[in-house]
Amino acid sequence: MSRRSGFPSLALPPREPGATASQWLCAALRAAILDGRLPRDARLPATRELARQYGLARGTVLGAFEQLQLEGYLRARVGSGTFVNAVLPDDLLEAPRQRSGRVVRRDGPPPRRLSALGERVRHLPGLESRPLRAFRANRPALDLFPVTLWAQVTSRRIRRATTAHLLDSGPLGLGDLQQVVSTYLTTARGVICEPGQVVIVSGVQEAIDLVARVFVDPGDRVCMEDPGYIGAAQIFEAHGARIGPVRVDAEGMVVPEARLNDARLAYVTPAHQFPLGVSMSLSRRLALIDWARTTGALLLEDDYDSEYRFAGRPLPALQGLDRHGVVLFAGSFSKVLFPALRLGYLVVPPDLVDRIAAAKSVIGQHAPLLEQAVLADFIREGHFGRHVRRMREIYAERLDVLQEEATARLAGLLEIGGIDAGLQTTGWLGGDLEEEAVALAAARRDVEVVPVGRYARRPMARQCLQLGFAAVDVPEIRRGARELARVLEELSAEGPRRRS
Ligand SMILES: Cc1ncc(COP(=O)(O)O)c(C=O)c1O
């Protein structure tokens, strides 16, 4: 395939049930690039052509191209089209091995036999390498983290480290950290637990994996909010689960309908639904616990960012309302401190502690002890509480600015949803604006918004964007709002025919 010739027609595998058009297209194009059907430097078909060929909205194709550009598989050249990159991200992963001078096979590796999980597991894209800009979701304001203070606590802890810190610990983690986390969760989140029920993990992601390993067999059904957190769905699917999508309304995830009563587990984000941002009402929480009790399912509560509550009375965690031992509660220091820390917790009912401990002991033993000890000091000495209080004020101000800008500039184009907690919110698009087309046009103006349809398994009734407000400062939020207003005005003026 010469560099200049366009692709005649591209044969992609059929869409699997359950995958959104955008997920399917991204996966199919990525696979075609990796197995060489789309060679390096090849030009991709025009988005319009690809959309026509596969009966997709053009916005879906544009969105998939943008995603693959972000992942490093594609590059776009203004006026000449979109091309496969000459160097793929997968090459870069190979590079250190080749540079180290060890054996480099010229004839390629032998055919690999993967396990079913190895076949199913998918890469969860990270955003870390991209510069921070409005409206990055899922990220705290890392420039405001007290790094010097953290360094002081760390160096003091290391100076005082005993051989106990150099030895390994039990699989549940450092006793000291279990203790302070349990006190914190009891007072701040209304969780009811003893320190021995707290399993220290390397973030919610590990907690979900641990729960899936222990409670989900291939073919089992797992209920998930729709739209919901892709990172959780990917783990459950890697373990062979069938996802049962459950609708989300203004009170949070609805109680799963009767045909989903065979589910082993339901994954929920009650404090701040991901990605829509609603807080689950008390009556819904109680109804969900009742559903779990009567069906025998477990509930996995992901409390990933609820420390930041801006409005309303804090509702107790689902776990704190549970009198039947059906809720497992997971949370993380990724959003409240910094994501590179990779520390979080899973609170399990007392009778399940041994099972989880056994699984954790064979999988990864325990999280690094010195970091756990530093974190325990940081919390116990009051730095954690002060940091959360300070950040809550800053994030509340940033959310106010976003809402104020939206009222001034985005009225009729984007309606920002009210949220009570968290680091991001959603905006409902007005008129016939398409979320994928908006995200793409916004990215060209250095503004990041995530189409909520990317998190949905079934078509959404309205087009919606996820907008983070915590990671960047007020001037950047204002810049983002100005640029987004321009994008929405331009797209509205173009009208639906020219846009799609
Ligand atoms: C809803 C949700 N749950 C869990 C996670 C993973 O968190 P952690 O960094 O603790 O693994 C994320 C990450 O962004 C998330 O958005």
Side-chain angles (χ1 to χ4, degrees), residues 122-130 132 135-142 145 173 177 181 184-185 189 198-213 222-238 243 246 248 252-253 265-280 299-308 317-319 328-347 360 363-364 367-368 371-372 375 395 419 421-426 448 450 452 454-456 466-471:
R122 297 279 168 266
H123 187 78
L124 185 61
L127 300 170
E128 287 68 22
S129 56
R130 293 157 53 194
L132 215 54
F135 295 102
R136 171 75 49 86
N138 263 320
R139 284 281 171 263
L142 295 177
F145 183 74
L177 186 58
V181 167
Y184 160 66
L185 293 178
R189 303 293 306 118
V198 177
V199 187
I200 303 298
V201 288
S202 69
V204 172
Q205 209 62 28
E206 189 198 346
I208 302 171
D209 181 54
L210 205 51
V211 170
R213 284 169 192 263
V222 171
C223 288
M224 280 207 55
E225 298 156 325
D226 186 27
Y229 175 50
I230 291 175
Q234 285 188 334
I235 297 177
F236 294 130
E237 284 177 333
I243 302 292
V246 183
V248 177
M253 185 177 89
L265 185 79
Y267 163 92
V268 266
T269 50
H272 182 225
Q273 201 276 332
F274 188 97
L276 293 178
V278 288
S279 293
M280 187 179 282
L299 300 173
L300 174 54
E301 175 174 20
D302 179 354
D303 199 58
Y304 62 104
D305 74 354
S306 56
E307 284 83 0
Y308 296 119
L318 205 57
Q319 196 272 4
L328 294 101
F329 177 91
S332 170
F333 294 98
S334 293
K335 313 279 191 279
V336 80
L337 293 178
F338 56 97
L341 184 59
R342 299 306 307 146
L343 284 176
Y345 40 83
L346 174 67
V347 179
K360 179 101 179 87
I363 295 162
E371 276 80 353
Q372 292 190 55
L375 177 57
Y395 295 156
I419 55 154
L423 305 180
Q424 59 252 350
T425 184
T426 44
E448 207 170 291
V450 185
V452 168
R454 289 189 192 166
Y455 301 117
Q466 187 185 42
L467 298 97
F469 54 82

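For this chain, numbers begin at 1 and follow the sequence in order. Counting starts at 1 for both ligands and their atoms, following the listed order.
Of the candidates D303, V204, N138, the one placing a heavy atom closest to atom 8 (P) of ligand 1 is V204. Of the listed residues (Y229, Y304, Y345, Y455), the one carrying the non-hydrogen atom nearest atom 6 (C) of ligand 1 is Y229.
Between S334 and P140, the closest heavy-atom pair is O-CG, 3.9 Å.
For ligand 1, the atoms lying closer than 4.0 Å to a non-hydrogen atom of D302 are 1 (C), 2 (C), 3 (N), 4 (C). When each atom of ligand 1 is checked for a heavy atom of Q205 under 4.0 Å away, the hits are 6 (C), 11 (O). The ligand atoms of ligand 1 that sit less than 4.0 angstrom from a heavy atom of F274 are 1 (C), 16 (O). Here is the list of ligand 1 atoms found below 4.0 Å of a heavy atom in G203: 10 (O), 11 (O). Listed by atom number, the atoms of ligand 1 under 4.0 Å from R342 heavy atoms are 8 (P), 9 (O), 11 (O). Within ligand 1, counting atoms from 1 as listed, the ones closer than 4.0 Å to a heavy atom of S334 are 8 (P), 9 (O), 10 (O).
At least one N or O atom of S332, backbone or side chain, sits closer than 3.5 Å to an N or O atom of ligand 1.
Salt bridge E206/K360: present, at least one basic N to carboxylate O contact under 4.0 Å.
Looking only at side-chain heavy atoms (C-beta outward), L276 and P227 come within less than 4.5 Å of each other. Side-chain contact check for Q424 versus V450: every heavy-atom pair is 4.5 Å or farther apart. When side chains are defined from C-beta on, M253 counts as touching M280, because their heavy atoms get closer than 4.5 Å.
Using bins of under 30°, 30° to 60° and over 60° for the plane-to-plane angle, the ring pair Y304/H272 lands in the parallel bin. Between Y229 and F274, the ring planes lie perpendicular to each other; the angle is over 60°, past the 30° to 60° tilted range.
Within the structure, ligand 1 has K335 among the residues with a heavy atom less than 4.0 angstrom away.
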